Amino acid sequence: MSAPSAHDVVVIGGGVTGAGVARDLARRGASVLLLEKEDYGGGTSGSSSCMIHGGPRYLQFDWKTTKLSCEDAGKIVRIARHMVHRVVFLIPVLPGDRNNLERMETAMEVYDRFQPLKLSHPHVRLNPEQALELEPGLAPNLLGAVTMEEWGVDPHRLAWANVQDAIEHGAQALNHTRVTGLLRDGARVVGVRYRGPDAATGEAQAKVVVNATGPWSEGVARLADAVVKLRPAKGVHIVYDRRLSNFAVSGEAVDGRDILMVPHGNFTLAGTTDDDFYGDPDDLDVLPDEVDYILEGFDRVFPALRQHRAVRVTAGVRPTLFQWRPNEDDLSRRYEIIDHRKRDGVSGLVTVTGGKLSMYRLMAEDATDLIARELRIDERCTTGTAPLPGSEADLEPAAALARAHGLTALAVARLQTRHGCRAAAVLDVKRGTSGLVCRCEPLSEAELIWAARQEQVLTLADAFRRVGLAAGPCAGAACVERAAQVIGRELDWSPSQQREAACDFIKSLWVGRAPVLNRRGWAQEELSYGARRGYR
Amino acid sequence: MADPRQRTAALARLAVAYARHQVRRTIRRAPPRGVAEVRARYAADHYEHLTARERALFPEMSRCINCGVCALVAGRLGQTYVPDLATAYLRPLHLLPATAADFDGPASADLAEAAAACPVGVPLPAVAAIVRRLAQA
């Protein structure tokens, strides 16, 4: 074990909130170490609905929350403009719905007051013919519809962009590094003990340790004999192989809960479930009932959904704050910053938990304000105005960049959604000879090399999160081996390590695919299995 | 859950908004603003909608099992490999206008022949037609 490193703050948890705290602290001049046990954005953040939304639902409970949420969504949209996209909902009203068209439009009229805060437009009311013209897949018996705007984002890229900005402002960040214990000096937490990806152990001393581990925060707090009480909820989404429409669709599930079908990038998410969860957040299965629940809901509002091809499912656990009685859907998405000195008599430990993706920046700012007071740092928060890496300037035309680098415009346009104005620098890594590793995503060799060199991609699963390796309909059948070679060259993997990495990755993909394979999916599996001569 | 007083206040404000909405609807029953407004508003985002015929065909676009047979039969459309039409291009619909250059150049692909060779019946001529329409939208 090497000598302990010393920092102002150690942040445990590289989800979007932990990454946001690390970014905020680093920009205020604190020395920060961020530790993530798997990969950035690989837990709750990555399995979210990928939405930066204002929350019209909260209009029934508390308008202040809607306003706060919209204001902060607007800040995220401004600082991350290359990776956000408008999500335009068609909200059809069907016979028997909880809300009739007038009530629905009233809610939208109220929500319209907050929309400018996040650079969004007011709603449009549509009669049935108009709604069906915009989306012919809607149920033909609809009574009308209204539009509503939110924003979508790739949460893996959002988490990484926060980590990247933190690093560019002096922070250290390590993924695949698990905190195994907290260093104590009496009742004070003075650092962490950790184990890295090569099984080497280390210690880091810190004036403050931040527990930003989402559904794992109860366990991390217990390491210091402190208490965090959550009511975790499991959420499942089905991922379809393409944008099924440029419009998102909302509907009601059998129990009256809202379910959403949302186009993001080049895929569509349908979900979500919301059920109390008592298991291990590291061991999530998706049950056939959960898939059926989502599909049953869409049978009513978008009957064609069953005919489309689902490529995988995602499952995550929301770190909802504990409350007794309300059903899962009515639980607040409130967040809490816990100073354990006041709560449990344990100083040096701060937990930030609860909340939702669209409030990550605000949660991080509140937590950082508390820590900055503790550390006597006077710098103000800048994360609401300073652009994230890649959003500092306008994008070059994709076609021009494509010509210069011998790629298709599609490959470059996709790359720009991940790297923004830094796309040219990424492509310069392998100027002139960069082919495509994955044709369906599409993903260039240059971007994969960049990810291994500059974005802490240590496994093929990291490449899935960071640059979309095998996220397309080929499900890795055509690209995993080549990707293992490209990354392996960068990380000095032997040929057998490359093969092992490919096998492990294919197995992990299978877990997400198995619950939703249809006839064509099975045919592709068999073909892929045969092409690999049976190894899996 | 929210504070009960906040909840009551929120519901009361919604009730007032509902009353105002009903009065407005009674006094001035404006026709829905509709499709033209939605299209104009989201033209910059390239949020083109699918036609009813395209929607009906759309599930068939997802049949591809990545066998590569169509690539052996047909050539390219401009710079674009035929198998990529369904598996890469007809996915990020909103990015297609940025990809029009990918279809420049000689089109040597015989899409009908490629479709005939496809073991799972992906309607390649229809895929190409939708991609071209959205790329030029």
Side-chain angles (χ1 to χ4, degrees), chain A residues 59-65 85-86 88 102-103 105-107 109-110 121 124-127 130 133-137 144 147 241-247 265-267 304 307-309 323 326 330 332 398-399 402-403 408-410 413-414 439-442 472-474 477-478 520 523-524 527, chain B residues 1-3 6-7 9-11 13-14 17-18 20-22 25 31-35 37-39 41-42 45-52 54-56 58-59 61-68 79-81 83-84 86-96 98-102 119-120:
Chain A
L59 290 172
Q60 304 168 63
F61 302 106
D62 172 13
W63 288 23
K64 267 190 196 157
T65 304
H85 54 268
R86 275 182 213 284
V88 183
E102 304 313 326
R103 285 176 64 176
E105 191 176 20
T106 301
E109 284 169 350
V110 173
H121 299 99
V124 176
R125 181 176 170 132
L126 301 164
N127 65 29
Q130 291 167 335
E133 185 179 341
L134 286 172
E135 180 38 72
T147 66
D241 66 339
R242 63 194 64 235
R243 267 175 110 85
L244 302 181
S245 169
N246 275 325
F247 297 101
N266 53 8
F267 63 93
Q307 298 168 32
H308 288 279
R309 181 157 165 190
Q323 285 175 292
D330 286 341
S332 163
R403 266 196 306 278
T408 60
L410 179 65
R414 287 286 299 149
R439 298 201 68 84
C440 58
E441 245 324 271
C474 88
R520 312 285 176 201
Q524 182 170 298
L527 191 66
Chain B
M1 298 291 284
D3 178 290
Q6 284 176 332
R7 172 102 208 239
L11 290 175
R13 294 171 85 178
L14 280 176
Y18 184 65
R20 281 188 180 153
H21 169 80
Q22 290 291 29
R25 293 274 304 159
R33 288 171 282 179
V35 174
E37 180 154 355
V38 173
R39 291 194 68 170
R41 188 178 285 180
Y42 302 113
D45 298 284
H46 306 297
Y47 285 178
E48 190 70 20
H49 60 268
L50 296 176
T51 65
E54 288 169 344
R55 164 60 64 215
F58 220 57
M61 313 298 174
S62 298
R63 287 180 173 178
C64 176
I65 58 170
N66 288 280
C67 67
Q79 296 179 48
T80 307
Y81 284 105
D84 296 346
T87 58
Y89 282 85
L90 203 58
R91 295 178 60 220
L93 308 176
H94 63 309
L95 293 183
L96 288 177
T99 70
D102 292 351
V120 289

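Note that the structure is a prediction, hence the values are computed from the model and not measured. Just so it is clear: chains get the letters A, B, ... in the order the sequence lines come, proteins before strands, and each one is counted from 1.
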### Query
Given A/Arg242 and B/Ser62, is the side-chain hydrogen bond (donor to acceptor under 3.5 Å, both in side chains) satisfied, shown in steps?
CA-CA 8 Å; A/Arg242 63 194 64 235; B/Ser62 298; 3.1 Å; yes
### Task
Count the heavy-atom pairs under 4.5 Å between each of A/Leu59, A/Thr147, A/Thr65, A/Leu410 and chain B, then report the option with the highest count.
A/Leu410
### Query
Do you know which of A/Ala402, A/Gly265, A/Ala304 has the most heavy-atom pairs under 4.5 Å to chain B?
A/Gly265
### Query
For chain A, which of B/Ala101, B/Ala56, B/Cys64, B/Ala100 has the most heavy-atom pairs under 4.5 Å?
B/Cys64
### Query
Hey, are the side chains of A/Glu441 and B/Arg91 touching, using non-hydrogen atoms and a 4.5 Å cut-off?
yes
### Message
Taking every non-hydrogen pair under 4.5 Å, which of B/Pro119, B/Ala9, B/Ala52 racks up the most with chain A?
### Response
B/Ala52
### Any A/Leu134 side-chain heavy atom under 4.5 Å of A/Gln130 side chain
no
### Summary
Okay, B/Ala17 and chain A: the region with an atom under 4.5 Å from a heavy atom over there is both
## Note on the structure
The interface call for B/Arg13 against chain A, heavy-atom contacts under 4.5 Å, is both
### Query
Has B/Arg25 got more than 12 heavy atoms of other residues, nucleotides or ligands less than 6.0 Å from its CZ?
yes
### Task
Give the intermediate values and the outcome of salt bridge (charged side-chain N to carboxylate O under 4.0 Å, His left out) for residues A/Asp241 and A/Arg309.
CA-CA 6 Å; A/Asp241 66 339; A/Arg309 181 157 165 190; 5.3 Å; no
#### Entry: chain A contact via B/Glu54 - side chain, backbone, both or neither, heavy atoms under 4.5 Å
neither
### Task
Against chain A, label B/Arg55 side chain, backbone, both or neither, depending on which of its atoms sit under 4.5 Å from a heavy atom there.
side chain
### Message
For the interface with chain B, which of A/His308, A/Arg403, A/Gln307 has the highest count of heavy-atom pairs at distances below 4.5 Å?
### Response
A/His308
#### Entry: Region of B/Leu95 in contact with chain A, defined by heavy-atom distances below 4.5 Å
side chain
### Task
Report yes if the side chains of A/Arg439 and A/Cys474 come closer than 4.5 Å at any heavy-atom pair, otherwise no.
no
### Query
If you tally heavy-atom pairs under 4.5 Å against chain A, which of B/Thr80, B/Leu50, B/Asp84, B/Leu11 wins?
B/Asp84
### Query
Is it the backbone or the side chain of B/Thr51 that comes under 4.5 Å from a heavy atom of chain A, or both, or neither?
backbone
### Query
Between CG of B/Leu93 and OH of B/Tyr47, what distance do you get to the nearest 0.5 Å?
10.5 Å
### Query
So which part of A/Glu135 gets closer than 4.5 Å to some heavy atom of chain B, the side chain, the backbone, both or neither?
side chain
#### Entry: Segment of A/Glu109 engaging chain B (4.5 angstrom heavy-atom cut-off)
side chain
### Query
Is the shortest distance from a Lys or Arg side-chain nitrogen in B/Glu37 or A/Arg125 to a carboxylate oxygen in the other one below 4.0 Å?
no
### Query
Aromatic rings A/Phe247 and B/Tyr42: how do their planes relate, parallel, tilted or perpendicular, breaks at 30° and 60°?
perpendicular
